Amino acid sequence: MNKLRLIDLKQGDVFKVVDFDESCKNFRQRLQDIGIHKGQLGQVINKSFFGPLEIDIDGRKIAIGRGMAKKIFVRKFECPIL
């Protein structure tokens, strides 16, 4: 399985959060504040050409801006598990 950025996934893709871009000091804290941590499983619910990605993590729908989605590294699963 390849390590990808969340922004690279398609609608319906299932993923596991594996890492974060550490270039911004408070980025990890911002993600923790909205409930995103390493090791969590999720699914891309909605991804349009513009605007945020809507993801499902632990049964919660979260909108992630495209800039943030570029800094979240994930592993994609080939078969749906959610």
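Note that the structure is a prediction, hence the values are computed from the model and not measured.
- One hydrophobic cluster holds both Leu31 and Ile7 under the rule that ILVMFWY side chains link at heavy-atom gaps under 4.5 Å.
- Between Val14 and Leu41, every side-chain heavy-atom pair lies at or beyond the 4.5 Å cut-off.
- In the hydrophobic clustering of ILVMFWY residues, with side-chain heavy atoms under 4.5 Å counting as a link, Phe77 and Val18 come out apart.
- Each of Leu6, Leu4, Val44, Asp8 was checked for a side-chain contact (heavy atoms from CB on, under 4.5 Å) with Lys76, and the lone residue meeting it is Leu4.
- Side-chain contact between Lys47 and Leu9 is absent, with no heavy atoms from C-beta onward closer than 4.5 Å.
- Among all heavy-atom pairs drawn from Gly35 and Ile57, the shortest one is O-CG2, 4.2 Å.
- In the hydrophobic clustering of ILVMFWY residues, with side-chain heavy atoms under 4.5 Å counting as a link, Leu53 and Phe73 come out apart.
- Under the 4.0 Å criterion applied to side-chain N and carboxylate O atoms, Lys10 and Asp13 are not assigned as salt-bridge partners.
- A 4.5 Å side-chain heavy-atom check between Lys70 and Asp21 finds every atom pair outside the cut-off.
- Considering only residues two or more places apart in sequence or on other chains, Arg28 meets the side-chain contact (heavy atoms from CB on, under 4.5 Å) condition with Phe20, Glu22, Gln32, Lys38.
- Here CD of Gln43 is found 11.0 Å from CD of Glu54. Values are rounded to the nearest 0.5 Å.
- Contact of the Met68 side chain with the Phe27 side chain is registered, since non-hydrogen atoms from C-beta on lie closer than 4.5 Å.
- Shown here are the side-chain contact (heavy atoms from CB on, under 4.5 Å) partners of Asp33, two or more places apart in sequence or in another chain: Gln29.
- Two residues are said to be in side-chain contact when any heavy atoms from C-beta on lie closer than 4.5 Å; Arg75 and Phe15 fail this criterion.
- In this structure, the side chain of Arg5 does not engage the main chain of Lys71 through any donor-acceptor pair within 3.5 Å.
- Listed by chain and number, the residues in a salt bridge (Lys or Arg N to Asp or Glu O under 4.0 Å) with Asp58 amount to none (sequence neighbours excluded).
- Residues Ile45 and Ile34 are members of separate hydrophobic clusters, defined by side-chain heavy-atom contacts under 4.5 angstrom among Ile, Leu, Val, Met, Phe, Trp and Tyr.
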